[in-house]
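Read through the structure below, which is laid out as structure tokens, and then see the notes.
Numbers here simply count residues along the sequence, with the first being 1. For clarity, every value in this text was computed on a predicted model and none was experimentally measured.
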Amino acid sequence: MILFHGFVFFLSLIGCHAIPVERNAECGYGSCNPVKDDMINVHLVPHTHDDVGWLKTVDQYYYGARNIIQNAGVQYVLDSVIQELAGDPSKRFIYVEIAFFARWWREQDESMQTLVKGLVNNGQLEFILGGWCMNDEASTHYNAIIDQHSLGFEFLRQNFGECGRPRIGWQIDPFGHSREQASLFAQFGFDGLYFGRLDYQDKDTRLNQTTMEMIWHGSPDNLGSKADLFTGVLPNLYQPPDGFCFDIFCDDEPIRDDPRLHDYNVDEKVYDFLSAVQDQAKHYKTNHIIMTMGSDFQYQNAHHWYKNMDKLIKYTNMMQTTNNMKVNVLYSTPSCYTYQLNRADKTWPTKKDDFFPYAHRDHSFWSGYFSSRAALKGYERETNTFLQACKQLDALAMLTDMHNNTLNIQVLREAMGVVQHHDGVSGTEKQEVAYDYAMRLANGRTACQKVMNDAFAKLIQKGSEGFMGVAFCDLLNISACEVTQNNKQFVMVVYNPVGHTVSRWLRLPVIGEAYTVMGPDNSPVQTQIVPVTKRTMQIPERNGAIATNELVFKVSIPALGFSTYFIKMSNSKPTKEMQQSRMEKIQGKDFIMKNEHMALTLDGNTGKWKSLKDLHSGIEINVTNDMAVYYGMPGNCSRGDFQPSGAYIFRPNGTAPSGPSSAMLIKGPLVTEVHTSFSSWATLVTRMYTGEPYTEVEWTVGPIPIDDNLGKEVVVRFMTDLKTNSMFYTDANGREIITRKRDYRETWTFNQTEPVAGNYAPVNSRIYIKDDNKGLQFTVLNDRSQGGSSIQDGEVELMVHRRTLYDDCLGVGEPMNETGSDHNGLIIRGKMFVHSGTTDTAAQFHRDFALRQYMAPLPMFAVTDMKYSDYSTYFRTMWSGLKQELPPNVHLLTLEQFGGPPIGPVDTQTYLIRLEHFYEKGEDAELSQPVSVNIQDLFVPFSIVGAEELTLGANLALSDLNRLQWQAKDQYVRDKEDKIYKVEKRVPLSSALDPVMLNPMEIRTLQVTLRGGFPQRKENKFDVFS
Ligand SMILES: [Zn+2]
């Protein structure tokens, strides 16, 4: 440990020099400032934490606009820091959020860009993390996390090359940490991850046990060491030690070092600093410690910081000679620090669960934001699908840049990148900023619609007859769509972004009572008319939509392709294909809803569920459902037990399950629904479609009443008779499953202070419970990220909407009170999908369904009175982009034209492809097996002649990746049976002709060249932000 030889604070000021700096004019670990192996090395990391939207919008933060809200202007940070770095080669700075850096970069002239490139090349300015933002980890989907990082990486690759490639994850502010994020970081090629926030009990334990730094197994059961990541918890969130904030906005004392002046304080400052060093060093394993010198939007005047840090370094290091003090202070970066830890040759402790939920003190669990702003969360998830479809269609149609398509896709890429921020999709921003995020997504979708129309023009058109173009309906979930409700005849083109044939039930808002629907081959499609309910009609965001009915039918779409449906209002008598729904009040008698797969019994008085039978296994479980309200705790935050519920925090103060008042049955041959009102503002539809192995539950919540001055947080609950032994299971960012146990934490003895909020976990796509004795699994999938838990054995609940009347005192300064377009309180609608069956068949359902749900088909509409015969002469009515479907356990995670210059010696436009095995090991007897895909001749529009495997972030040839190797305490990853488990070896890809082998949960990222090639598209696509 640390060797302090007593403090003698009498410093001679004569003859002192700044520390000599040996320079190595290259980036990477070789460019780090030198350390002294026989001393405690204090790595000062100058940094700024720039939220990509929070109290102000991203652009207000960039310019320093509306400083009355928060004095923060990122442009000044970069202006100022660059000058400081240029003046002294020993100085270091890290920059993190590329959304901001890209804004600044495009404003700089060539000489400034040359200067900055020089600073990057010599390691003085280092990009850390390198995502478009520092994404939230609880409510983000892995697809969007990979995309937002790839976007930032691509900016850096195009502008800075290898020296701009980030090596370290830097999640200093997100409110809890996901294991999947660690896994993705490892696959990006990162050598380490640092963060600031973890449960206060966990932190105490780690400080005491010197386990602040560890190897995190990001995928212990699947990817093994490939997903291992060195992870460090920062000592002081991401702030400097107390008394050493030298920012222009800080009140700490500057170092006053002229003894001729009053208040000379060098001795005192150095003493305090050495105390801080000693305090910190005793909790960390090596003779290196890291100090984060910066905070939110700091360094607008970088000189304040650097002038004082220069003195701190100088006077502290002087004591090496004057006092034989073994402390060496240096300017450093997280990667230089990581490199030294790696050199230290230690064996590190390990972890294989996650860091959710986060609590900063008793009663203060940050599990509210898992569900905050449920509408924004839903819109973001749906917009991810839109972006994937847009990129796919651009690639499949092989669009050149004629209509600025590169740029138009970029608008949505960047919008999605911004919204992933930890005060974006998390829902912890101010209301005005939430509106700005939604507007960015809407603008991005509009831009992408142009691309999709260009693509359809090419893919649909057979001859010279121009395609009429399609319109999009964004409000189908509230039964509003201009084309379908205002026209008696129209066509619908449905695009399927999944590499398998997909069928799906669609519901189109219409005004007629009967319609003929003809499929792509002109054969009639069965339909059912279901009335739009009063509840839906009352949603103000419908904005006068006139639809009175929903036209329900099932579409089938080939892999990565489209199908066309011809829809016409019918004046003649309804045929056997056209079915009307019958409406009945349920009164007294239990009702059984049944299809080929299951039978659900509902209570005749309440409409609540009673039992659900899986007709395949014949097993029946008792299950009932309801909606319940948690009242938000009021409080002033002065202590843990005075913590109110707010945008971040979930702090319930009692519950009130609402009793159902009425139930209405809507019956028909295709779909049967039970509409249950738990109150005028909380309603459920239980829905069973013919042929589907799940029950759909549509919830509509709002306006949440607040006239009693109580905030309310609404959950949908399912209560089964399964024996679950406190266990439940939730997904991490839509990928691997995390096992959770109520009132328990794997790595420390947990003292629970909030029996509900402290058991909440992020649920991005699914939550389930199991009865291992009966071999049964009860799974609930959702359509957006939510918080969820199993508060009692046999139960599952998901929080769907919340309205809080208190600010929770964590900075946002507002209650989470969304009022909607009529200012009465926002109404939100969403869906859950319930599956009950045997454990050995459960994965096959939930893996496949989760994929089809997040990559749901996109319906688009065109008004035309063309007959089928004419339409099908001029246009394709059905098309697939794949020559054969992908294997059932493989997902085409990415298909896009690759933006910048290709990686490696290629001179034509390249494509980026990511293939994913989306099953975990052991989940399914067949589908969890390794699988291979032949990509050479897979796609219809093009064949592939070359492939280069890249890291997951697509910024480096995988063969060039060389991660630091670490010694972990349990070097062997153990499987569930606790046998030593050998990680499947990756089969290297030697050429495009080789099949791509995929192991469970493996994603492989390929840059491919196409036969014949085609000219490079516009390169500099980083000049939009909209
Ligand atoms: Zn932040």
| field | T536 side-chain N/O to V532 backbone N/O, donor-acceptor pair under 3.5 Å | value | no

| Aromatic ring centroids of H835 and F845 under 6.0 Å? | yes

| said: As a test of understanding, state which of N384, V419, N135 forms a side chain to side chain contact (heavy atoms under 4.5 Å, CB included) with T140. | reply: N135

| task | Assign the ring pair F467 / Y871 to parallel, tilted or perpendicular, where the plane angle (0 to 90°) is split at 30° and 60°. | result | perpendicular

| task | Apply the salt bridge (charged side-chain N to carboxylate O under 4.0 Å, His left out) test between E696 and each candidate in R507, R504, K831; give the one that qualifies. | result | K831

| field | Under 3.5 Å side-chain donor-acceptor pair for N782 and Q786 | value | yes

| message | Over 60° means perpendicular and under 30° means parallel, so tell me whether Y854 and H141 are parallel, tilted or perpendicular. | response | tilted

| request: May I have the step-by-step check of side chain to side chain contact (heavy atoms under 4.5 Å, CB included) for L895 and K391, ending in yes or no? | output: CA-CA 7 Å; L895 169 64; K391 293 190 296 184; over 6 Å; no

| So, D147 and Q388: side-chain donor and acceptor under 3.5 Å apart, yes or no? | yes

| query | Under a 4.0 Å N-O cut-off, is there an ion pair linking E692 with K554? | reply | yes

| query | Between D731 and R735, is the closest basic N to carboxylate O distance under 4.0 Å? | reply | no

| message | Tell me the closest heavy-atom pair linking A480 and A545, and the distance in Å. | response | CB-CB, 3.5 Å

| request: For T841 and G837, indicate whether the former's side chain and the latter's backbone hold a donor-acceptor pair under 3.5 Å. | output: no

| request: Quick one: closest heavy-atom pair of L882 and A559, and the distance? | output: CD1-CB, 3.9 Å

| Which value, rounded to the nearest 0.5 Å, describes the distance between Y565 atom OH and F490 atom CZ? | 13.5 Å

| message | Could you report the tightest heavy-atom contact between L476 and E550, atom names first, then the distance? | response | O-OE2, 4.4 Å

| message | Testing the 3.5 Å rule here: is there a donor-acceptor pair between the side chains of T695 and R687? | response | no

| Distance-only polar pair, side chains of R535 and T683, donor-acceptor under 3.5 Å | yes

| Flag side-chain contact, heavy atom, 4.5 Å: D521 against T877 | no

| field | S178 and N733: side chain donor to acceptor below 3.5 Å | value | yes

| field | Spacing of C448 atom SG and N453 atom CG [to the nearest 0.5 Å] | value | 11.5 Å

| Is the side chain of T484 donor-acceptor paired with the backbone N or O of P509 at a distance under 3.5 Å, no angle test? | yes

| query | Short question: side chain of N486, backbone of E482 - any donor-acceptor pair under 3.5 Å? | reply | yes

| Are Y437 and Y379 near enough that their ring centres are under 6.0 Å apart? | no

| task | Could you please spell out the steps behind the side-chain hydrogen bond (donor to acceptor under 3.5 Å, both in side chains) verdict for S821 and R542? | result | CA-CA 10 Å; S821 63; R542 272 167 58 89; over 6 Å; no

| Within a reach of under 6.0 Å around CD of Q449, are more than 12 heavy atoms found that belong to other residues, nucleotides or ligands? | yes

| L551 backbone acceptor or donor facing T527 side chain under 3.5 Å | no

| message | Test ring-ring contact (aromatic ring centres under 6.0 Å, His included) on F386 and F472; report intermediate values, then the result. | response | CA-CA 11 Å; F386 212 86; F472 294 76; 5.4 Å; yes

| For the atom pair CE (M855) and CG (N496), what is the distance rounded to the nearest 0.5 Å? | 8.5 Å

| Does any non-hydrogen side-chain atom of N595 lie less than 4.5 Å from one of Y689? | no

| query | Between the side chain of N487 and the main-chain N/O of Q489, is any donor-acceptor distance below 3.5 Å? | reply | no

| request: Apply side-chain hydrogen bond (donor to acceptor under 3.5 Å, both in side chains) to S581 and Q528, showing your working. | output: CA-CA 7 Å; S581 305; Q528 184 179 334; 2.9 Å; yes

| said: Under a 4.0 Å threshold between the charged nitrogen and the carboxylate oxygen, would D454 count as salt-bridged to K450? | reply: no

| task | Please determine, by modelled atom types, if T779 and Q777 share a side-chain donor-acceptor pair under 3.5 angstrom. | result | yes

| field | Among I1003, I935, V931, the one residue meeting side chain to side chain contact (heavy atoms under 4.5 Å, CB included) with L915 | value | I935

| message | Does V697 form a side chain to side chain contact (heavy atoms under 4.5 Å, CB included) with L684? I'd like the steps, not just the answer. | response | CA-CA 7 Å; V697 176; L684 282 189; 3.8 Å; yes

| field | Distance, nearest 0.5 Å, that separates CD1 of I666 from OG1 of T672 | value | 10.0 Å

| query | Run the side chain to side chain contact (heavy atoms under 4.5 Å, CB included) check on R914 and L1006 step by step: do they pass? | reply | CA-CA 6 Å; R914 287 191 186 93; L1006 307 168; over 6 Å; no

| query | Donor-acceptor pair, R876 side chain versus L459 backbone, under 3.5 Å? | reply | yes

| said: Working to the nearest 0.5 angstrom, can you tell me the gap between I557 CD1 and H500 NE2? | reply: 13.5 Å

| query | How are the rings of Y729 and Y768 set to each other: parallel, tilted or perpendicular (split at 30° and 60°)? | reply | parallel

| task | Return yes if a side-chain donor-acceptor contact under 3.5 Å exists between T700 and R829, otherwise no. | result | yes

| task | Please determine, by modelled atom types, if Q410 and T406 share a side-chain donor-acceptor pair under 3.5 angstrom. | result | no

| Cationic N near anionic O, under 4.0 Å, K377 to E382 | no

| task | State whether a side-chain donor-acceptor pair under 3.5 Å links T501 with E885. | result | yes

| Judged by modelled atom types alone, do H597 and H616 share a side-chain donor-acceptor pair under 3.5 Å? | yes

| field | Q853/D783 under side chain to side chain contact (heavy atoms under 4.5 Å, CB included): CA gap, chis, key distance, verdict | value | CA-CA 7 Å; Q853 174 55 30; D783 62 350; 3.5 Å; yes

| NZ/NE/NH1/NH2 to OD/OE distance under 4.0 Å, E916 and R1004 | no

| message | If only side-chain N and O atoms count, and only distance matters, is there a donor-acceptor pair under 3.5 Å linking E380 with Q420? | response | yes

| Residues N764 and S785: side-chain donor-acceptor under 3.5 angstrom | yes

| Are the side chain of E541 and the backbone N or O of L475 linked by a donor-acceptor pair below 3.5 Å? | no

| message | Looking at E920 and R847, is any side-chain nitrogen of the basic one under 4.0 Å from a carboxylate oxygen of the acidic one? | response | yes

| message | So does P497 get a backbone contact from the side chain of Q392, meaning a donor-acceptor N/O pair under 3.5 Å? | response | yes

| Euclidean distance, L387 CG relative to C390 SG, rounded to 0.5 Å | 6.5 Å

| task | Taking N625 for its side chain and F718 for its backbone only, find out whether a donor-acceptor pair lies under 3.5 Å. | result | no

| request: Compute the ring centroids of Y911 and F898, then answer whether they are less than 6.0 Å apart. | output: no

